[in-house]
Protein chains: 2
Amino acid sequence: MAVSIKEIAKAAGVSTATVSRVINNSPKLSQKTRDKVLKIMKEMNYVPNSLARGLSNQKALNVALLINIEEPSSFHNPFFYEVMHGIETAVYKRGLSLIIASSRGEDKQEIVEWLMNEKRMQGIIIPSSLADGKLLNLLRKRKFPFVVIGKFEEGIKPVSWVDINNQQGGEQAVAHLIQNGYERIALICGGMDKVFNLDRLEGYKRALARHQMPMEPNWIVETDGSKNQAYSAMKALLQSDNCPNAVICGDNILSFGVMKAAQEMEVSIPKDLGLVSFDNYPLATLVEPSLTSIHIDVFQMGEMAANSLLALIDNPDASQQQMLISTAVEVRESSIRRT
Amino acid sequence: MAVSIKEIAKAAGVSTATVSRVINNSPKLSQKTRDKVLKIMKEMNYVPNSLARGLSNQKALNVALLINIEEPSSFHNPFFYEVMHGIETAVYKRGLSLIIASSRGEDKQEIVEWLMNEKRMQGIIIPSSLADGKLLNLLRKRKFPFVVIGKFEEGIKPVSWVDINNQQGGEQAVAHLIQNGYERIALICGGMDKVFNLDRLEGYKRALARHQMPMEPNWIVETDGSKNQAYSAMKALLQSDNCPNAVICGDNILSFGVMKAAQEMEVSIPKDLGLVSFDNYPLATLVEPSLTSIHIDVFQMGEMAANSLLALIDNPDASQQQMLISTAVEVRESSIRRT
DNA sequence: CACAATAATGTAAACGGTTGCACTAGTTTG
DNA sequence: CAAACTAGTGCAACCGTTTACATTATTGTG
């Protein structure tokens, strides 16, 4: 049995209340007793029992992150790891732990309700891909703090979210290509049902406008996100008489399709075709040529989401916050013509 | 404030002790009262407070998984996600939650000690890459249950671990290639300081022996795990006069190097060179040709690790268990000669 | 120097469960 | 039919904190 507050109290010749005040560094305490108690605590290597504190405070000890094994898209990727680290880093500073709420298919509610009912968490972070009205209303009804990772707009009710600044990413991709001498820039992206694709497209358009470059409608290709469709799209583009000399891909998977098409058509990247890809996965460095990518600070995304959540926990009536995280161009081979 | 055991007791006209017995379905209870109490619990939608239970039972509510952001290797990959799901699935069945213990660089002890001291976890799962003597001794000294993910052998003290059956994987890779008409099979793998590489090598050797095929020492190449070294190694192999017609890669990254070499030398995969890769990452389906891979059931690995840990928690004196998970060949293009 | 104001500490009741022990009522047993 | 069990239930202490309120010690004021 570990040493408890009582034993510290006895050893220090004070009451447990005083020890508790030391733990919570309450201001109304003489420096003398504080020091004495602290010394004893150290000597007996006392650590307060979190369960008892939680019970007494009526506060859960954790913050949860919802994940879903049947969601192979956005989060099912190497970055996920860093998001977790970001969240954990932020909540740890507050003495909280990160717990994983692993949902299976449709059963998101089940685990979330369990965690709420059992008082296992103070708040929850939800990837936008898993945020639907049903779940969010459940949380709202219970006035339970939550933050969405990924831009999220649902009706009129404001929601706190943190996202990558995809629009900025789109602009940077275009600007980078222009700077490197490409002036006929296409965009191949995933489905426009995803907000981040819309944002990337928007950034693309803006940058073209800003640089006073014409926008060819058929240079903007929406795909289902598969390598195959990207392949076909790129092939079609290369065969058209109005052929682009650079392309921006919505993610690394699409880039694979583009590279395959280029190879088949004997179009050299980066000589004849510049390529910039979103999603700076580790594998962007592995392919030939390595992919210039729009880098995304996922760790920071996790940290900010957590901090946003903590703010909501501190003050449930605080206004919902929306935050965007800056992107950056990670320059590699696919967009630099060898001189 | 949520409904507590007292209110249930009052509503049911019994004592809190009885309600508690219902919750823990103690055997000494008449069916009649049990039903009555259960009914009331349902009606008032009562859920026991986990913190109070934990405090009373002297049991933490969680099991932890240690991760490290500065560990880009084995776990920093898409599979990690599934390991977590596996662990969570198993511990959830026991009413426990999975918490993430995120360590930064050298400071593994810090977070682990914190979680132990604060009674936040009942046991911990540690990737073998993070398991060192210092950490393990800390855990052992406190008689704290832990399980390692990945084969782990340290001195004489037995440790519970769960790993992929890498040896089997090596054998399967060879057998598959032989079956498909390749008979000059090389192996390019990562550093032999990693046990799993040794195991894969061992499986390779065994399979060759079983099929009575000669083993060429220079067909076994150890690399540092980088794409570049795999590239050079493959190039050298292809240029040698004793050139293999198939190769097994220790992971997907090495495969990239191999594919680059093959392409440069105008050696066609799978026609002139069969390729089987370990690590069935999603991207194995993306490259051209798609990679025949040794598939690994990572979800199961998580589940088994968790179950092993739970067994240790139930009975700290139980013997340490070591478990291997079967691999399987996922056949794709890179190892099947088109007829 | 008496008295009020203030600062420092203690007392004891929560928080929401669990459980050893005592008790009651019904069932065996000799 | 009394004694000995047994099954079912309640009482109350306990798990390790926090905190409102009461109490005591210290300081400042006229």
Side-chain angles (χ1 to χ4, degrees), chain A residues 1-41 44-62 95-96 114-122, chain B residues 1-38 40-41 44-61 95-96 114-122:
Chain A
M1 200 112 320
V3 27
S4 81
I5 200 174
K6 277 182 202 147
E7 300 156 59
I8 300 295
K10 186 184 284 179
V14 298
S15 72
T16 62
T18 300
V19 178
S20 174
R21 291 191 183 101
V22 172
I23 296 171
N24 298 285
N25 50 71
S26 144
K28 34 183 173 174
L29 258 188
S30 75
Q31 195 58 43
K32 215 176 79 193
T33 27
R34 187 188 306 278
D35 291 344
K36 184 175 58 182
V37 173
L38 281 173
K39 182 153 158 281
I40 304 252
M41 282 181 12
M44 305 182 61
N45 58 100
Y46 166 72
V47 182
N49 180 314
S50 66
L51 289 162
R53 299 188 82 187
L55 177 59
S56 195
N57 286 327
Q58 303 275 43
K59 281 197 185 136
L61 308 171
N62 312 302
L96 295 173
W114 183 67
L115 291 171
M116 287 198 292
N117 288 335
E118 290 223 330
K119 312 249 174 328
R120 283 178 188 247
M121 60 172 179
Q122 290 193 32
Chain B
M1 201 112 317
V3 27
S4 81
I5 200 173
K6 278 181 201 148
E7 301 157 59
I8 299 296
K10 187 184 284 180
V14 298
S15 71
T16 62
T18 300
V19 178
S20 173
R21 292 192 182 103
V22 172
I23 296 171
N24 298 285
N25 50 72
S26 143
K28 35 182 173 177
L29 259 187
S30 75
Q31 195 59 42
K32 214 175 82 193
T33 25
R34 186 188 306 277
D35 291 344
K36 184 175 59 182
V37 173
L38 280 173
I40 304 250
M41 283 181 13
M44 305 181 63
N45 36 136
Y46 166 71
V47 182
N49 180 315
S50 66
L51 289 161
R53 298 187 83 188
L55 176 58
S56 195
N57 286 327
Q58 303 276 41
K59 284 203 181 129
L61 308 171
L96 295 174
W114 183 68
L115 291 170
M116 285 197 293
N117 288 335
E118 290 223 331
K119 314 248 174 323
R120 285 178 188 247
M121 59 171 179
Q122 289 193 31

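Sequence lines set the chain letters: A, B, ... in the order given, protein chains first and strands last, and positions in each chain run from 1. The shown structure was predicted, so the numbers you read here are calculated from the model rather than taken from an experiment.
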Legend entry - Side chain of B:Lys28 - closest among D:dT9, C:dG17, D:dT18: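 Nearest to the side chain of B:Lys28 among the choices is D:dT9.
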
Inset, instruction - Please tell me which of the listed nucleotides, C:dG17, D:dT9, C:dT11, lies nearest to the side chain of B:Ser4? - result: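 Ranking C:dG17, D:dT9, C:dT11 by closest atom to the B:Ser4 side chain puts C:dG17 first.
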
Legend entry - A:Asn24-A:Arg53 side chain donor-acceptor pair, cut-off 3.5 Å: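 Yes, side-chain donor-acceptor contact under 3.5 Å.
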
Inset, instruction - Would you mind classifying the nucleic acid contact of B:Leu55 as base, sugar-phosphate or nothing, using non-hydrogen atoms under 4.0 angstrom? - result: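 Contact class for B:Leu55: base.
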
Inset, instruction - Have a look at A:Val47 and say if it touches a base, only the backbone sugar-phosphate, or nothing, with a 4.0 Å heavy-atom cut-off. - result: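 Sugar-phosphate, backbone atoms only, no base.
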
For atom [atom1] of [X] and atom [atom2] of [N], their distance in whole Å:
X: A:Lys59; N: D:dT17; atom1: NZ; atom2: P; result: 17 Å
X: A:Leu29; N: C:dG10; atom1: CG; atom2: P; result: 10 Å
X: B:Lys6; N: C:dT18; atom1: NZ; atom2: P; result: 13 Å

Legend entry - Rounded distance [0.5 Å steps], NZ in B:Lys59 versus CG in B:Leu96: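 One gets 9.5 Å once the value is rounded to the nearest 0.5 Å.
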
Inset, instruction - Working to the nearest 0.5 Å, report the span between CD of A:Gln122 and CG of A:Leu115. - result: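 These two atoms lie 13.0 Å from each other.
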
Legend entry - Min side-chain heavy-atom separation A:Ser20-A:Ile5 under 4.5 Å: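 They are in contact (side-chain heavy atoms under 4.5 Å apart), so the answer is yes.
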
Inset, instruction - Determine whether any donor atom in the side chain of A:Ser56 lies under 3.5 Å from an acceptor atom in the base of D:dT17, or the reverse, and answer yes or no. - result: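 Yes.
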
Legend entry - Donor-acceptor pair under 3.5 Å, B:Arg21 side chain vs C:dG17 base: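 Between C:dG17 and B:Arg21, which were checked side chain against base, a qualifying N/O pair under 3.5 Å is absent.
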
Inset, instruction - Would you tell me if any nitrogen or oxygen in the side chain of B:Ser20 comes within less than 4.0 Å of OP1 or OP2 on C:dG17? - result: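 No, because none of the side-chain N or O atoms of B:Ser20 sits under 4.0 Å from OP1 or OP2 of C:dG17.
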
